[in-house]
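Below you'll find the structure, written out as C-alpha cells, and then a few comments.
When reading the values below, keep in mind they use all heavy atoms of this one structure, side chains included, and skip hydrogens, waters and symmetry mates. Atoms within each ligand, like the ligands themselves, are counted from 1 in listed order.
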Amino acid sequence: MAGDSAALVVAAAPRRMRNADAAWPYRQDSDFHYLTGFPEPDAVLALLPGRGRGEVVLFCRERDPERERIDGMRVGPDDAVARFGVDDAFPVEDIDDILPGMLEGRTRLYCHFGRENEFDAQLLRWLRRLRSSRGGAVVPREFVALGHLLHELRLYKSPAELALMRRAASIAAEAQRAAVRAAQPGAAEYEVEAALLQVMRARGAVPSYPPTVAGGVNACVLHYTANQGRLARGDVLLIDAGAEMACYASDITRTWPVGGRFSAPQRALYEVTHEAQCAAIDEVRAGRPFNAAHDAAVRVIVRGLCALKLLRGGARTALKSGEYKRFFPHKTGHWIGLDVHDVGDYRVDDEPRVLEPGMVVTVEPGIYIPPDDMSVPSKWRGIGVRIEDDVAVGARGNEVLTADLPKDVGAVQALCAG
Ligand code: GLY
Ligand code: MN
Ligand code: MN
C-alpha cells in the first residue's frame, strides 16, 4: 500500500444470531484478527499510511457499565490504544463523522467488497458524504479488493502463528484419543463427539468446524455431521475434528476400528490410504508444487485399488480415465491457518503454487466405497477411510503438526483395543 495516497479499512465480524435473540458464539473475522488481535464486534480498523509515519486507527464500542452488566466487558477506545498497539482509537458511534475526513485526500482504498452488506452500505455512505462535501475534496477513485494482498501475507505463518497451530494440533490429537476411549460398541456417535468437545473446551479451545463422527457407512459421507448413529463392533469410525486455539485451526482425521480390529477388507483399504498419505506428506517440501501431494496420493490409491480389483483395466487406464474418483472424490489437502480452509492462491500465473517455508497444508487422502455400489463385491461396500494431518513446510523438510496421533495400523488397533 504505497504512500499516503492510499488507505485500508477493515471491519470486525458482526455478531450473528442463531435463533430468536440467541447469538452464535462470537468468532472474530480472520482478517480483522490478523491485523488487530481485537476480539470484539462493532469495530473498524483504518490503516492510514504516510503523513509522517502513518497511523493505525481503531473504532470500537465505548465502555458502557449498563451494557457491560449484560454482555460482559468491553475494551473501549482508551484501553484499545494501550493494549492493542493502535495509534488512536475512537468510539465506533462517531465513525461517520470521523472516518470520511481521514479518507479525504487519498485516492486509493483497500477494502473487502461484498462480504457484509451492512459494511458495504456504510462504505458507500462515507464516500457519498465525501463527494458531497464542498470545496472539491479528493475522494478515493481506485478501489482495491483487499483479499488477495492480505491473504498472501496470511499464507506465510510466523513462528508465533506456528506455535499456536502446534497447540491447536496437539489439543485435537488429545481429543481424538479421548474420543477413541468413548467409542465402545453400542456408544452413540454424539457420545464420542462429547468426548472430543470435553478435551477441546477443557484446554480453552473450540472446535474449528463441526466435528464429523461417522460410524459404519456414515464414514462414506464426506461432511457427515449429524452424529446421531450408534457404533457396532466391526464398524470403522471416521473422526474428522479440529480444534481452534486463539483463532488458529487444526484439522485431523483418523479412522478407527470399533472393537479394536479392522476386518480384512477394512484393513486393506486402510493400508492403501495410509501409504497414500505418507507418500503425499513426503511431497510437502519447499520447492515442490502444491499439487504434488495430491498426485502422489492418487498414484498410490489407484495402484492399491487396482491390486484389490476395485478398479479394472490397470493403473494407467484408471488414472487417465479418472475412474478412481468414484472412490477418492476429493483433493488431498488445503491451506490451513486462521481458517480451516485457509486463504491463499493455489495457483500462481496459472501454475500450481510452489511450496515455501511457513506455508501449512493438510494432507488427507481417503477411500470411500459407496454402500449401494453394486459394481463391487459386497465385502467392500460401505467402508470409508480418511487419514488427515496438518503439515508445515520448513526450510529443511517438513513438520507434521499432528504427529502426536498414531496412524499406522498396529498402533491404531492397539489404541482402540486398549
Ligand atoms: N474438516 C474439513 C476438511 O477436512 O477439509
Ligand atoms: Mn481438511
Ligand atoms: Mn478435516
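Under the 30°/60° scheme for interplanar angles, the aromatic rings of Trp335 and Tyr346 are found to lie parallel. Below 30°, between 30° and 60°, or above 60°: for His294 and Phe328 the angle between ring planes is between 30° and 60°, a tilted geometry.
Regarding atom 5 (O) of ligand 1, its nearest protein heavy-atom neighbour is His341 NE2, 2.7 Å. Nearest protein heavy-atom neighbour of atom 3 (C) of ligand 1: Asp251 OD2, 3.3 Å.
Distance alone, capped at 3.5 Å, places no donor-acceptor pair between the Asp390 side chain and the Thr402 backbone. In terms of modelled atom types and a separation under 3.5 Å, the side chain of Gln277 and the main chain of Val363 share a donor-acceptor contact. No side-chain donor-acceptor contact under 3.5 Å links Thr107 to the backbone of Arg141. A donor-acceptor pair under 3.5 Å is absent between the side-chain atoms of Glu364 and the main chain of Asp389, judged by distance alone.
Put simply, Glu364 gets within reach of the Mn ion (ligand 2), with an N, O or S atom under 2.8 Å from it. Under 2.8 Å from the Mn ion (ligand 2) lies no N/O/S atom of His341, from backbone or side chain alike.
Cation-pi check for Arg16 over Trp24 is not met; the charged atom does not lie both under 6.0 angstrom from the ring centroid and within 45 degrees of its normal.
Heavy atoms of Glu364 found under 4.0 angstrom from ligand 1 belong exclusively to the side chain. No part of Val340 comes within 4.0 Å of ligand 1, judged by heavy-atom distances.
In summary, the atoms of ligand 1 found under 4.0 Å from a heavy atom of Tyr209, numbered by their order in the structure, are 1 (N). Residue Glu388 approaches ligand 1 through these ligand atoms, each under 4.0 Å from one of its heavy atoms: 4 (O).
The one candidate from Leu310, Ile387, Ile301 that meets the side-chain contact (heavy atoms from CB on, under 4.5 Å) condition with Ile367 is Ile301.
The Mn ion (ligand 2) is closest to atom OD2 of Asp251 (considering only N, O or S atoms).
Remark: distances from the non-hydrogen atoms of His334 to ligand 1 include one below 4.0 Å.
Rounding to 10 degrees gives 130° for the angle at the Mn ion (ligand 2) between OE2 of Glu388 and NE2 of His334.
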